[in-house]
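Here is the structure we will look at.
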Amino acid sequence: MIRIVLPFHLQILANCGREVTVEVTGAITQRSVLDALESRYPMLRGTVREHISQQRRPRVRFFVDNTDVSHQPPDAALPESVARGERPFMIVGAVAGG
Amino acid sequence: MTAVRILVGTRKGGFILTSDAGREKWSVAGPLFAGWEVYHIKGSPADPDRIFASQTSSWFGQIIQRSDDGGRTWAQPGSTGAAGPDGGQGMATGASNLFAYDTSRDTGRPLTTHQWYDGTQHPWKFARVWHLEPSPDDPDTCFAGVEDAALFRTTDGAATWQELAALRGHASGPDWMPGAGGLCLHTIVLDPANEQRIYCAISAAGTFRSDDAGLSWKPINRGLRSEHIPDPTAETGHCVHRIAIHPSHPDTLFMQKHWDVMRSDDGGDSWREVSGNLPSDFGFPIAVHAHEPETIYVIPILSDSLHYPPEGKLRVYRSRSGGQQWQALTRGLPQEHCYVNVLRDAMAVDTAHPCGVYFGTTGGQVYASSDGGDNWRAIVRDLPAVLSVEVQTLP
């Protein structure tokens, strides 16, 4: 099980709590984790990654173990702690605005 | 009439204001989609219980919401058909939020570039839905005006959207340039007498008309004069802020341009200025009285640099002659220290007798007049900045 922490507004959209879990088969990467998230919660398509380009939206960041992994390639392996379910893959809305 | 329902989009959510039959007492519901920008909420004329909303965020993109019970409950349209956490309706698939420019060989146009602020060419990229225009007779059909400028249509209740690509693909497209708010298609007017005729306005490209239900378009900006562009009378490039029409006179259009209030009596083929005695002819919204086709309303602000009312006095101006002669309407509106703005989609009328007029401000007030503009009162005073106001007159 992969643990994913969602920002407040996406919890509302998906009608779920702060943390969700998804099954991922194969390599544990940003892409495979987000694919699994969007498969489980299809209403989140386009909110984390842009619909067509599948690029991370500019004001969304990904953190693991207090480390910003937003700029890592989408097919790079995520840390073992995420793959083992010890630590969540955190989707964070950038602090900005008013 | 049993009630008036005002659909208010703001910077931090949507609100629904509902009156009694006398338009005296109002209830306030909301915020809907709290924390998100709600650019526009509009009900279907064919089914007032069906309402579409554009919920958008610089963080998480575009969401389309739909209500089928007059705004009490909302859902993202479309579903997998299987039961999901939102009940027996199944999960929305996310396709209702997908606005993909049509580049297909059969119906689309190549994804070209448009001018950017610095004069370079910039790829067309979807940002948000500015305006939703439901069909007058089919509750499943709705048009959407988006940034970067394009026109989309749904015929399945907003489950999916398809671009009417001929507009974006117009030969002038690479010359279109964004206004300060982005290259947005912000106004859609469906001719009530001719379902083939659609008007659109784009900042800062100008006004366009289709006479074949969106298959082809032509710019209709003859008569406009914009001193801030290299050729003040160019075919395109004008910063049109809003156009309005009365159902009984579909060939007469009224326009609030960046500067100048304009009218056309030939379906937009030619325009003439009717700013007349306005204290400033800069503004954003323009509206037509529900029962008097020559009675129109604007809310002047001082200038393109100073987006607030002249002299700090919030005044609606009414012309009963289709322009040129304007009367200030002030009763009940603040006449000192008022520095709010009223945005292009933030004024609307009801169809009751006498006609009600409503507008929302960037200061969060929603003002109402139930006598055609003679007297005003604030229904609410402290909402987030108002982006849009639409009105439903309930039977």
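Chain A is the first sequence line, chain B the second, and so forth, proteins listed ahead of strands; every chain is numbered from 1. If you're wondering where the values come from, they're calculated on a predicted model, not measured in any experiment.
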If you draw a 6.0 Å radius around [atom1] in [X], do more than 12 non-hydrogen atoms from other residues or ligands fall strictly inside?
{"X": "A/Asn66", "atom1": "CG", "result": "no"}
{"X": "B/Arg153", "atom1": "CZ", "result": "no"}
{"X": "B/Asp69", "atom1": "CG", "result": "yes"}
{"X": "A/Arg84", "atom1": "CZ", "result": "yes"}
{"X": "B/His337", "atom1": "NE2", "result": "no"}

What's the verdict on side chain to side chain contact (heavy atoms under 4.5 Å, CB included) for A/Arg45 and B/Thr93, showing C-alpha distance, side-chain angles and the deciding distance?
-> CA-CA 8 Å; A/Arg45 289 177 184 152; B/Thr93 62; 4.3 Å; yes

Can you pull out the residues in residues 5-12 of chain A with any heavy atom less than 4.5 Å from chain B?
->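 Hits under 4.5 Å: A/Pro7, A/His9, A/Leu10.
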
Sorted by number, residues from residues 46-57 of chain A in contact with chain B (heavy atoms, under 4.5 Å) =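 A/Gly46, A/Thr47, A/Glu50, A/His51, A/Ile52, A/Arg57 fall under the 4.5 Å cut-off.
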
Over all atoms of both residues, closest heavy-atom pair of A/Val60 and B/Trp59 =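 So the minimum-distance heavy-atom pair works out to CG2-O, 3.6 Å.
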
In chain order, what residues pass the side-chain contact (heavy atoms from CB on, under 4.5 Å) check against B/Ile301, with sequence neighbours excluded?
->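 So B/Ile301 forms a side-chain contact (heavy atoms from CB on, under 4.5 Å) with B/Phe282, B/Phe284, B/His307, B/Asn341.
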
List in chain and number order the residues that pass side-chain contact (heavy atoms from CB on, under 4.5 Å) with B/Asp106, two or more places apart in sequence or in another chain; answer none if no residue qualifies.
->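 Expected list: none.
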
Contact leader toward chain A among B/Ala95, B/Gly35, B/Ser58, where contacts are heavy-atom pairs under 4.5 Å |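 Top option by heavy-atom pairs under 4.5 Å: B/Ser58.
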
Can you tell which of B/Gln55, B/Arg11, B/Lys125 has the highest number of heavy-atom pairs within less than 4.5 Å of chain A?
->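 Heavy-atom pairs under 4.5 Å are most numerous for B/Lys125.
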
Find the distance between OG (B/Ser96) and CE (A/Met43) and round it off to the nearest 0.5 Å.
->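 Between atom OG of B/Ser96 and atom CE of A/Met43 there are 10.0 Å.
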
Any A/Leu13 side-chain heavy atom under 4.5 Å of B/Gln76 side chain =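 Touching, per the 4.5 Å side-chain cut-off.
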
